[in-house]
2 protein chains.
Amino acid sequence: MVLARLILGLLSLSPMTGYELKKHFDSSINHFWNADKAQIYRTLAQLVDKGYATVRTVAQSNYPDRQEHHITEAGREVLAQWLAGGAAQSPERDPFMGQVFFAAELEREDIERLLLQRRKNTQYVLDDYLSQREGIDMRAAADRRSFLMAATLDHAIRQQAAELEWLDAVLEHLP
Amino acid sequence: MVLARLILGLLSLSPMTGYELKKHFDSSINHFWNADKAQIYRTLAQLVDKGYATVRTVAQSNYPDRQEHHITEAGREVLAQWLAGGAAQSPERDPFMGQVFFAAELEREDIERLLLQRRKNTQYVLDDYLSQREGIDMRAAADRRSFLMAATLDHAIRQQAAELEWLDAVLEHLP
DNA sequence: CACAGTTAGTTGATTTTGCACCCAACTGGC
DNA sequence: GCCAGTTGGGTGCAAAATCAACTAACTGTG
């Protein structure tokens with residue numbers, strides 16, 4: 001599934017431990033995917049099982065051994081096939097929209113509270129993305145890889161901004 | 001989880017069979033949630049189990065019996081608690097963004113193909129939403145319920161529109 | 001009159017996800 | 001000196017989601 005491809009993608013950039021992968025999911029990749037620790041380690045094991053990655057145990061003086069995972073040629077092929085195999089469609093699943101859809105049960109103030117709370121969350125997330133983008137801005141246009149990576153962050157920023165606009169419109173016109 | 005609440009929400013509007021619920025997920029609700037048939041029937045069984053819904057078997061002359069599910073008072077309470085319990089946050093999971101993130105592996109033309117394919121999909125989905133909206137436009141502002149329901153569709157439309165703009169920007173500036 | 005589609009619901013197997021734990025050793029701050 | 005946090009890895013379990021098939025009778029179209 002998707003998680004396996006994403007992990008292969010990250011491994012294609014650089015060999016990594018499960019721990020480091022988790023950090024990427026929490027920071028550099030958090031605007032379009034997240035994953036549980038346990039899930040990452042299990043998927044890594046599967047990748048090794050299928051021959052898409054290999055493990056090299058690297059001892060460290062102070063810290064636990066690193067289980068460094070390296071992508072194999074077979075792994076790169078699977079990754080390339082995923083990329084070339086057509087654009088994936090998005091899940092289109094938003095629990096909050098479900099809350100709005102059925103929010104008429106609530107009092108007017110409670111609806112406003114709901115929307116304002118979402119607004120706060122969205123603003124918070126947007127600010128996070130904006131601060132992430134500051135670090136890459138200028139150098140991004142240079143090579144294709146950096147450009148595309150930055151572009152996904154821009155996508156998230158646009159989506160959050162659109163969400164804010166929508167929230168404000170709803171708050172303004174709520175009967 | 002979320003699916004159970006959404007089903008309760010739909011049942012709160014009107015008693016329904018699993019089959020009818022599935023139709024709602026495929027049409028009126030498809031812009032923010034979808035669900036497998038099997039999942040719907042199993043969740044319905046759980047709701048009945050927990051006392052949040054009751055079943056009434058309605059015989060029909062030609063077609064199979066309808067297992068009409070009615071929301072109970074307990075069910076309405078659970079629904080209300082979900083709505084009042086704070087804004088849910090969105091999953092932030094988009095496989096396509098993963099493809100873009102790692103697309104530098106591909107040739108330039110293949111990247112463009114990927115983006116254009118997505119553009120076509122997005123346009124298609126947007127057109128679907130726009131045609132859905134035509135049927136509700138004017139009467140929407142009237143009561144709160146219709147307004148909120150229409151608002152979630154507007155949200156989806158804004159998101160798709162923002163996606164289109166982003167795709168065009170990426171296609172234009174791709175190095 | 002055959003065949004596709006609709007109405008209605010169900011089962012089984014498998015995958016994916018999430019949550020809560022657990023281990024061990026180190027590092028930094030009060 | 002203690003306690004929280006980091007580095008690194010892992011297990012077990014239950015819930016949720018997906019895929020595929022199967023039943024059965026009707027309706028509409030060519």
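Since we're looking at a predicted model, the values are computed, not measured. Each chain gets a letter, A, B and so on, in the order its sequence line appears, and its residues count up from 1. Just so it is clear, the values below take in all heavy atoms, side chains as well, and ignore hydrogens, waters and symmetry mates.
The CD-P distance, from B:Gln39 to D:dA16, rounds to 9 Å in whole Å. Rounding to whole angstrom units, CG of residue A:Leu3 and P of D:dT18 are separated by 16 Å.
Sorted by first and then second residue, the side chain to side chain donor-acceptor pair (under 3.5 Å) pairs involving residues 71-87 of chain B (not counting sequence neighbours) form an empty list. Listed by first then second residue, pairs satisfying side chain to side chain donor-acceptor pair (under 3.5 Å) with a partner in residues 34-50 of chain B read A:Arg93-B:Asn34, not counting sequence neighbours.
Taking each heavy atom of B:Asp26 and B:Asn30 in turn, the nearest pair found is O-CB, 3.5 Å.
Partners of B:Met149 under the side chain to side chain contact (heavy atoms under 4.5 Å, CB included) rule, at least two apart in sequence or in another chain, are A:Phe101, B:Leu13, B:Arg145. In this structure A:His69 satisfies the ring pair (Phe, Tyr, Trp, His ring centres under 6.0 Å) test with no other residue, sequence neighbours excluded. Contacts of B:Asp168 classified as salt bridge (Lys or Arg N to Asp or Glu O under 4.0 Å), with partners at least two apart in sequence or in another chain: B:Arg119. With sequence neighbours excluded, the residues satisfying ring pair (Phe, Tyr, Trp, His ring centres under 6.0 Å) with A:His155 are B:Trp166. Judged as a side-chain hydrogen bond (donor to acceptor under 3.5 Å, both in side chains), and not counting sequence neighbours, the contacts of B:Gln123 are B:Asp127.
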**OP:** For nucleotides 3-11 of chain D, just jot down a letter per nucleotide in 5' to 3' order: B, S or -, based on protein non-hydrogen atoms under 4.0 Å.
**Re:** ---SBBBBB

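Put simply, the side chain of A:Gln99 gets close to the backbone of B:Gly86: a donor and an acceptor are under 3.5 Å apart. Checking side-chain atoms of A:Arg144 against main-chain N and O of B:Pro175 turns up a donor-acceptor pair under 3.5 Å.
Contacts between residues 75-99 of chain B and DNA chain C, counted as heavy-atom distances below 4.0 Å, involve B:Arg93.
Grouped by direct or indirect side-chain proximity (heavy atoms under 4.5 Å, Ile/Leu/Val/Met/Phe/Trp/Tyr only), A:Tyr124 sits alone.
Contacts between chain B and DNA chain C, taken as any atom within less than 4.0 angstrom of a protein heavy atom, begin and end at C:dT6 to C:dG18.
Side-chain contact, A:Asp143 with A:Ser146: a donor N or O sits under 3.5 Å from an acceptor N or O.
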Original post:
Dot-bracket for DNA chain C, 5' to 3', counting Watson-Crick or G-U wobble pairs under 3.5 Å, with [ ] for crossing pairs and | for inter-strand pairs?
Top reply: ||||||||||||||||||||||||||||||

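B:Ser90 pairs in a side-chain hydrogen bond (donor to acceptor under 3.5 Å, both in side chains) with only one of the listed residues (A:Asp94, A:Asn121, A:Thr122), which is A:Asp94.
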